[in-house]
Amino acid sequence: MIPFQDWQFWVATVLALGALILVVRPLLPSKKRGASCPSCPSANPKQPSNEHTATLTIDGKSIRR
């Protein structure tokens, strides 16, 4: 039987719910775009990424992509 009248039950329940929120909250998508990961390319698709391009070569001939 669940002790609904016991104050310690309610304190432990509130602490467990708070811990659950702290664990699950970072895993949920945020409402503000880019708030959780400002360096991710998907956070701000309009800004150019900082990726470097490389010249690809096959048999000494460069290939452009």
Side-chain angles (χ1 to χ4, degrees):
M1 185 158 180
I2 298 175
F4 289 115
Q5 299 85 5
D6 192 7
W7 66 271
Q8 293 172 344
F9 168 77
W10 292 108
V11 170
T13 302
V14 169
L15 290 175
L17 288 174
L20 181 66
I21 290 170
L22 288 175
V23 169
V24 173
R25 190 174 178 193
L27 302 175
L28 298 175
S30 67
K31 292 181 182 179
K32 287 176 36 177
R33 193 149 175 93
S36 62
C37 183
S39 63
C40 294
S42 61
N44 263 333
K46 293 181 182 179
Q47 292 181 349
S49 64
N50 292 335
E51 294 180 20
H52 299 284
T53 58
T55 304
L56 301 176
T57 58
I58 296 179
D59 294 330
K61 297 179 182 177
S62 66
I63 298 173
R64 294 186 181 219
R65 286 196 142 200

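All values reported here derive from a predicted model rather than from experimental measurement. The analysis underlying the following values was restricted to heavy atoms, covering all of them including side chains, and did not include hydrogens, waters or symmetry mates.
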Please enumerate all residues that pass side-chain contact (heavy atoms from CB on, under 4.5 Å) together with Val23, with sequence neighbours excluded. none
Quick one: closest heavy-atom pair of Ser62 and Thr55, and the distance? CB-CG2, 3.8 Å
Might you confirm whether atom CD1 of Ile58 has over 12 heavy atoms from other residues, nucleotides or ligands at distances under 6.0 Å? no
Residue pairs involving residues 5-28 (criterion ring-ring contact (aromatic ring centres under 6.0 Å, His included); sequence neighbours excluded): Phe4-Phe9
